[in-house]
Amino acid sequence: MEEYSHKKIEQKWQERWREADLFKTDKKDESKEKFYILDMFTYPSGSGLHMGHTEQGAATDTLYRFHRMNGKNVLHPQGFDSFGLPAENYAIKTGIHPKESTNIAIETFRGQMNILGLAYDFTGDVTTSKPSYYKWTQWIFGKFFENGLVYKKVSKVNWCSSCNTVIANEQVVNGACDRCDTEIEQKEVPGFFFKITDFADDLITDLDKVDWPEHTIKNQRNWIGKSEGAYIDFKIKNTDSKLKVFTTRPDTIFGATYMVLAPEHPLVKELKEKIENYDEVSAYVNSSQKKTELERMEGKEKTGVELKGIKAINPAREKSQMDNTLIPVFISDYVLAGYGTGAIMAVPAHDERDWDFADEFKLQKVCVIKPYSFEESKSGSQRNLIDFDKASVEQQQEILDGKICHNRKGVLMGSGQFNEMDSEKAKKAISKFVGGKISSNYRLRDWSISRQRYWGCPIPIVYSPEGEAKFVGEENLPWLLPDDVDFIPTGEAPLTKSKELKERVEKLFGKGWTPEFDTMDTFVDSSWYFLRYPDSENDKDFSSAEMLKKWMPVDLYIGGAEHTYMHLLYARFFVKAMKKMGLLDFDEPFKKLRHQGMVNDQTGKKMSKSKGNVVAPDDMVERFGADSTRMYMLFASPLEDDILWNETNIVGLYRFLEKVWKQSEKITNTENPEAKKIIHKTIKKVGSDTENLCFNTAISEMMKCVNFISKQETVNKEDFLSFLEILSPYAPHVSEELYEKIGGKGFLVEQKWPEYDAALTVDDLVTLGVQVNGKKRCEIDISPDASQEEAEQVAKKDGCLDKWIAGGIKKVVYVPGRILNFVV
RNA sequence: GCCGGAGUGGCGGAAUUGGUAGACGCGCACGACUCAAAAUCGUGUUCCUUCGGGAGUGGGAGUUCGAUUCUCCCCUCCGGCACCA
């Protein structure tokens with residue numbers, strides 16, 4: 001027999017699969033249970049497929065083949081998230097149109113996926129930059145617009161001077177652009193926003209409905225950041241103005257000794273006439289506006305300016321006719337314009353940041369929440385005092401006496417008692433007392449979707465001569481991205497250069513009408529693509545209700561953990577918003593989610609083009625074949641763990657496949673009961689491991705099986721065919737080749753996953769560890785359902801225990817099939 | 001600082017509800033084959049050892065007949081977030 005050579009067989013089978021159109025799913029087939037398995041679709045970068053894609057593809061492809069063999073109608077589609085900055089930046093550099101470079105990149109990706117033997121269904125060409133796709137992105141935008149989920153506002157945005165565009169908060173990493181690392185500046189830009197905050201509560205509570213990794217759920221919850229508190233109005237003395245604050249600690253309001261506004265707060269301008277030191281104030285406003293968020297964060301020391309001539313009235317103290325009712329008002333950049341109301345009541349005794357600010361400006365601290373007593377704080381675990389035990393004896397006494405509020409700095413942060421009332425109860429009582437409104441506030445902000453870029457989905461909005469925004473209308477979709485622009489960034493949206501676009505608008509809507517020049521954030525494109533696959537060729541609808549009902553939600557979604565916040569949150573928001581508009585009838589898009597780990601280089605560093613440590617799958621496929629490459633990616637570590645790339649390990653998988661190949665020479669029609677037993681055990685284990693995404697242990701089990709067979713003279717043909725069937729999701733090419741060679745019919749992926757004979761997977765005898773005082777001293781071979789008496793007898797007869805149990809046995813613990821333990 | 005996750009041989013990693021720690025693979029060593037090498041096959045491979053044993057899953061306590069697994073404290077590494085009122 002010829003030797004195993006991946007080069008001779010892999011291309012052959014890839015061609016045969018293609019000729020048979022083997023991986024196109026019959027989406028209307030009602031005879032089988034559906035299973036929708038989805039890879040996070042691919043951004044077609046110029047550098048091609050990397051090993052991370054390879055691991056993800058190997059995993060989902062293995063699962064695709066496995067579930068298909070198990071009688072399910074499996075949808076396993078792939079598409080391209082092809083709008084976005086890199087292609088545009090490339091165009092700026094080279095002059096090559098993004099359309100062209102994107103198409104080339106997509107061809108490269110498809111080619112690479114093909115040589116890996118990945119069974120993707122590309123039907124319908126789900127490529128976000130194609131008009132047939134973005135027509136529906138725009139259609140959905142139109143629905144959002146008509147239903148009041150889109151609004152336009154001028155806002156301070158993160159501006160990347162290098163990309164010359166707006167960057168979402170979520171895309172700012174440590175104050176720098178997450179794509180080019182340029183430091184972000186603040187700039188006022190008008191743009192469209194999606195009202196994702198309307199769905200904040202549902203986005204939190206519905207996390208209970210999904211089977212996602214625990215940490216992903218927690219992180220999403222924290223990202224949305226719900227906090228319970230109250231909105232309370234503070235009057236400004238001698239004016240009609242009111243200052244609204246949000247606080248999670250209304251119980252501390254009696255201790256509010258000053259107020260702080262964000263420098264951008266509108267009240268600063270509103271009270272201009274009354275502010276005695278307006279010059280100083282506006283200088284501070286200007287300087288903080290020049291600061292980026294990074295710079296604001298850097299200076300931990302508190303800065304600010306008092307609004308002289310302005311006093312706020314502490315409503316609680318006023319109502320109680322107490323002293324210290326009038327409190328000063330400051331502006332400071334430690335208060336953020338974008339969170340809460342952009343203003344706070346400052347309670348230095350119970351908030352560390354307020355404490356620091358009060359120290360800086362010599363402001364009064366009033367302690368109004370008393371810690372629980374020492375005993376109470378000890379027993380009521382999380383009630384209170386962070387550092388009580390580390391305080392000196394005198395300090396501890398003062399705390400107990402309620403004389404000081406104390407933690408690290410002197411701030412009592414947690415709850416305690418307000419007068420004799422638990423501060424949790426006091427929150428409600430005091431809110432009511434001062435006319436506050438109990439409410440929730442979220443860290444989540446609305447989603448800014450406007451981008452002053454070329455290579456994105458055009459926002460299908462036009463403006464009347466009066467400046468009113470209007471959706472272009474369904475009949476004008478797709479609202480095409482014009483070609484007559486050049487991409488050199490000027491700080492203005494590139495589409496302003498398009499003559500065609502302006503003419504198009506005037507022709508359709510009349511003279512004086514103007515187009516919107518911005519394009520959409522690419523996260524919009526990727527927020528609904530999974531809805532398109534079930535009906536990807538539909539040109540009447542984004543996806544038909546019938547197909548959505550059949551296929552959604554996605555049964556298993558696999559992709560990187562880096563999408564925990566943005567993509568996964570936005571996609572969930574889309575589904576909720578579309579459900580509210582009656583376009584969908586389910587709550588959550590992804591029933592089960594798993595992340596694949598990162599593939600790092602040998603030193604544990606992330607692979608990146610700039611570091612020059614990227615390994616391309618092509619090279620691996622050339623040398624070891626697609627089967628070995630795929631299996632190595634799955635064998636190296638559990639799916640969710642990171643992989644340290646170590647090329648030398650791949651030879652183990654190649655040797656394994658070589659060994660499988662050799663066993664096919666031993667095939668006979670006679671039975672080999674021992675080999676049969678092992679094969680049936682392997683079928684069982686590989687089946688359950690694959691189902692549970694434990695690919696590494698499934699592969700190890702197949703290795704053990706082949707190691708066993710390699711020591712046998714013969715192996716039964718039917719048994720070996722079964723083995724090839726379970727191997728085929730992992731190593732499809734070599735399995736097909738051997739299957740054909742020994743007379744298998746059809747393609748392996750069309751076969752039924754073999755059944756195992758349960759009786760064959762149970763051993764007559766097991767090796768049982770015999771322990772003395774929990775330490776293993778010898779082993780006995782015994783039936784797994786032997787009685788304790790039998791087991792003891794066998795163990796004692798063995799003799800090896802004699803010297804350990806000579807002193808007499810106190811107790812015996814016996815777990816059949818597991819352990820026999822003598823306690824002496 | 002806060003929130004996650006993880007620490008097991010030379011390396012990647014196994015180990016159902018607490019039940020024989022180190023499966024499987026890489027590497028390494030020795031042997032067979034060979035003029036020789038590669039490949040392949042076989043054997044061995046946690047550490048220490050006076051060859052009786054002893055120690056051992058980041059460290060320290062605890063529960064248990066028995067702990068990689070459960071509880072408490074601590075250390076280290078990785079990822080994410082960060083003046084969120």
Side-chain angles (χ1 to χ4, degrees), chain A residues 3 173-174 213-219 221-223 225-227 229 245-249 252 260 262 293 296-300 302 332-336 338-347 350-354 356-357 408 441-445 561-562 564-565 597-598 600 602 604 631-632 635-638 640-653 655-656 658-659 662 688 694 696-705 707 710-711 766-780 803 810-824:
Chain A
E3 280 184 10
V173 178
N174 289 329
E214 202 51 41
H215 67 270
T216 306
I217 289 180
K218 278 184 183 155
N219 283 334
R221 229 176 235 134
N222 293 341
W223 186 265
K226 182 174 183 168
S227 50
V245 302
F246 177 76
T247 176
T248 54
R249 294 298 303 275
T252 65
V260 188
E293 274 197 43
R296 279 204 193 186
M297 283 186 291
E298 266 174 355
K300 285 280 180 191
K302 299 282 180 278
S332 171
D333 59 14
Y334 85 93
V335 173
L336 307 176
Y339 186 77
T341 63
I344 60 158
M345 63 175 209
V347 185
H350 303 296
D351 183 283
E352 265 189 67
R353 295 151 304 173
D354 297 346
D356 290 344
F357 191 86
R408 260 181 316 270
N441 193 40
Y442 301 88
R443 179 188 173 279
L444 184 71
R445 299 173 201 177
E562 69 274 19
T564 296
Y565 303 106
M598 287 202 304
N600 298 323
Q602 267 168 305
M631 284 188 95
Y632 172 61
F635 183 65
S637 77
E640 309 215 356
D641 291 5
D642 289 350
I643 292 180
L644 289 185
W645 181 255
N646 185 347
E647 198 184 293
T648 59
N649 287 332
I650 195 173
V651 304
L653 282 302
R655 285 181 197 152
F656 163 69
E658 248 180 340
K659 219 181 228 179
K662 283 182 190 160
S688 62
C694 301
N696 54 336
T697 49
I699 291 170
S700 131
E701 202 65 18
M702 289 189 279
M703 287 174 166
K704 279 193 242 179
C705 181
N707 287 346
S710 70
K711 295 191 179 86
V766 290
T767 305
L768 191 74
V770 181
Q771 302 179 331
V772 177
N773 287 347
K775 256 212 176 331
K776 190 175 108 181
R777 294 303 176 188
C778 70
E779 289 174 348
I780 54 172
K803 63 179 179 186
K810 279 189 204 150
K811 185 180 168 186
V812 180
V813 181
Y814 176 58
V815 183
R818 292 232 180 266
I819 199 80
L820 176 65
N821 187 16
F822 292 95
V823 185
V824 296

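Throughout, protein chains are lettered first and strands after them, A, B, ... in sequence-line order, and every chain is numbered starting at 1.
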Checklist entry - When you compare B:rA55 with B:rU8, how far apart are their C1' atoms, in angstrom units rounded to a whole number? => result 15 Å
Checklist entry - In whole angstroms, how far is the C1' atom of B:rG19 from the CD atom of A:Glu779? => result 14 Å
Checklist outcome for this item: With the side chain defined as heavy atoms from C-beta on, A:Thr767 is closest, among B:rU20, B:rA85, B:rC26, to B:rU20
Checklist outcome for this item: Given the 90°-from-0 boundary between syn and anti, B:rG52 should be labelled syn
Checklist entry - Should the pair A:Lys302 and A:Tyr334 be classed as cation-pi, given the thresholds of under 6.0 Å to the six-membered ring centre and 45° from the axis? => result yes
Checklist entry - Going by a 90° cut-off around 0, is B:rG9 syn or anti? => result syn
Checklist entry - Are the side chain of A:Asn219 and the backbone of A:Tyr565 linked by a donor-acceptor contact shorter than 3.5 Å? => result no
Next on the checklist: For Watson-Crick and G-U wobble pairs within 3.5 Å on both distances, what is RNA chain B written in dot-bracket notation, | included for inter-strand pairing?
Outcome noted: (((((((..(((......[....)))((((((.......))))))(((....)))..(((((..]....))))))))))))....
Next on the checklist: Counting C-beta onward and ignoring hydrogens, is there a side-chain heavy-atom pair between A:Lys659 and A:Asn707 closer than 4.5 Å?
Outcome noted: yes
Checklist entry - A:Asn773 CG to B:rG66 C1': how many Å, rounded? => result 10 Å
Checklist entry - More 5' along RNA chain B: A:Asn219 or A:Glu658, using each one's nearest nucleotide? => result A:Asn219
Item to check | Distance in Å, A:Glu640 CD paired with A:Asp642 CG, rounded so as to fall on 0.5 Å steps | outcome: 11.0 Å
Next on the checklist: What I want to check is whether an N or O donor and acceptor connect the side chain of A:Lys302 with the base of B:rC83 at under 3.5 Å.
Outcome noted: yes
Item to check | RNA chain B: 5'-proximal contact among A:Asp641 and A:Asn441 (nearest heavy atom) | outcome: A:Asp641
Checklist entry - When rounded to the nearest Å, what value does the distance between P atoms of B:rG27 and B:rG80 take? => result 33 Å
Checklist entry - Given atom NZ of A:Lys711 and atom C1' of B:rG42, what is their separation to the nearest angstrom? => result 10 Å
Item to check | Separation of atom OH in A:Tyr632 from atom P in B:rG27, rounded to whole Å | outcome: 12 Å
Checklist entry - Is the closest basic N to carboxylate O distance between A:Glu701 and A:Lys704 below 4.0 Å? => result yes
Checklist outcome for this item: Whole-Å distance, A:Asn222 CG to B:rC81 P, equals 12 Å
Checklist entry - Could you state the interatomic distance from CE (A:Met631) to CZ (A:Phe656), rounded to the nearest 0.5 Å? => result 4.5 Å
Checklist entry - If we only count heavy atoms from C-beta on, is the A:Asn773 to A:Val823 side-chain gap below 4.5 Å? => result yes
Item to check | Inter-nucleotide P distance (B:rC33, B:rU57), Å rounded | outcome: 44 Å
With the criterion being N/O to N/O and under 3.5 Å, what pairs connect the protein with nucleotides 49-54 of chain B, and how long is each?
from	atom 1	to	atom 2	distance (Å)
B:rG52	O3'	A:Lys803	NZ	3.1
B:rG53	OP1	A:Lys803	NZ	2.6
B:rG54	OP2	A:Arg777	NH1	3.0

Checklist entry - If you measure from the C1' atom in B:rC72 to the same atom in B:rU63, how many Å do you get, rounded? => result 11 Å
Checklist entry - A:Trp223 has a side chain; which of B:rC24, B:rC81, B:rG4 sits nearest to it? => result B:rC81
Item to check | Length of the line joining A:Gln771:CD and B:rC65:P, which is rounded to integer Å | outcome: 13 Å
Checklist entry - Please give, in whole Å, the distance from B:rC11 P to A:Phe635 CZ? => result 17 Å
Checklist entry - Just checking A:Lys704: base, sugar-phosphate only, or nothing, at a heavy-atom cut-off of under 4.0 Å? => result sugar-phosphate
Checklist outcome for this item: For A:Asp354 and A:Val347 the tightest heavy-atom approach is OD2-N, 2.9 Å
Checklist entry - What is the distance, rounded to the nearest whole Å, between atom NE2 of A:His350 and atom C1' of B:rC83? => result 19 Å
Checklist entry - How far does the C1' atom of B:rC2 sit from the matching atom of B:rU46, given to the nearest Å? => result 39 Å
Item to check | B:rC26 base / A:Asn649 side chain donor-acceptor hit below 3.5 Å | outcome: no
Checklist entry - Where the side chain of A:Val823 is defined as all heavy atoms beyond and including C-beta, which of B:rA85, B:rC65, B:rC81 is the nearest nucleotide? => result B:rC65
Checklist entry - Among B:rA82, B:rG12, B:rG27, which is the nearest nucleotide to the side chain of A:Arg443? => result B:rA82
Checklist entry - Which whole number of Å gives the distance between the C1' atom of B:rC48 and that of B:rG9? => result 14 Å
Checklist outcome for this item: Between the OH atom in A:Tyr339 and the CD1 atom in A:Ile344, the distance rounded to the nearest 0.5 Å is 12.0 Å
Checklist entry - Can you tell me if the side-chain N/O atoms of A:Arg221 get under 4.0 Å from OP1 or OP2 in B:rG4? => result no
Checklist entry - With a non-hydrogen cut-off below 4.0 angstrom, is A:Asp354 in contact with a base, only sugar-phosphate, or nothing? => result nothing
Next on the checklist: Please determine whether a side-chain nitrogen or oxygen atom of A:Asn696 lies at a distance below 4.0 Å from atom OP1 or OP2 of B:rA23.
Outcome noted: no
Next on the checklist: For the backbone of A:Ser637 and the side chain of A:Asn696, can you confirm whether one donor and one acceptor N or O come within less than 3.5 Å of each other?
Outcome noted: no
Checklist entry - Counting side-chain heavy atoms from C-beta on, which of B:rU20, B:rC24, B:rG19 comes nearest to A:Arg818? => result B:rG19
Checklist entry - B:rG27 phosphate, OP1 or OP2: any side-chain N/O from A:Arg655 under 4.0 angstrom? => result yes
Item to check | For the student: nearest non-hydrogen atoms of A:Val812 and A:Leu820, plus distance | outcome: CG1-CD1, 3.7 Å
Checklist entry - What's the closest nucleotide to the A:Ser227 side chain, out of B:rC65, B:rC41, B:rA85? => result B:rA85
Checklist entry - What nucleotide among B:rG25, B:rA85, B:rA23 has an atom nearest to a side-chain atom of A:Ser700? => result B:rA23
Item to check | Atom P, compared across B:rU16 and B:rC11: separation rounded to whole Å | outcome: 23 Å
Checklist entry - Rounded to the nearest 0.5 Å, what separation is found between the CD atom of A:Glu3 and the CD atom of A:Glu658? => result 7.0 Å
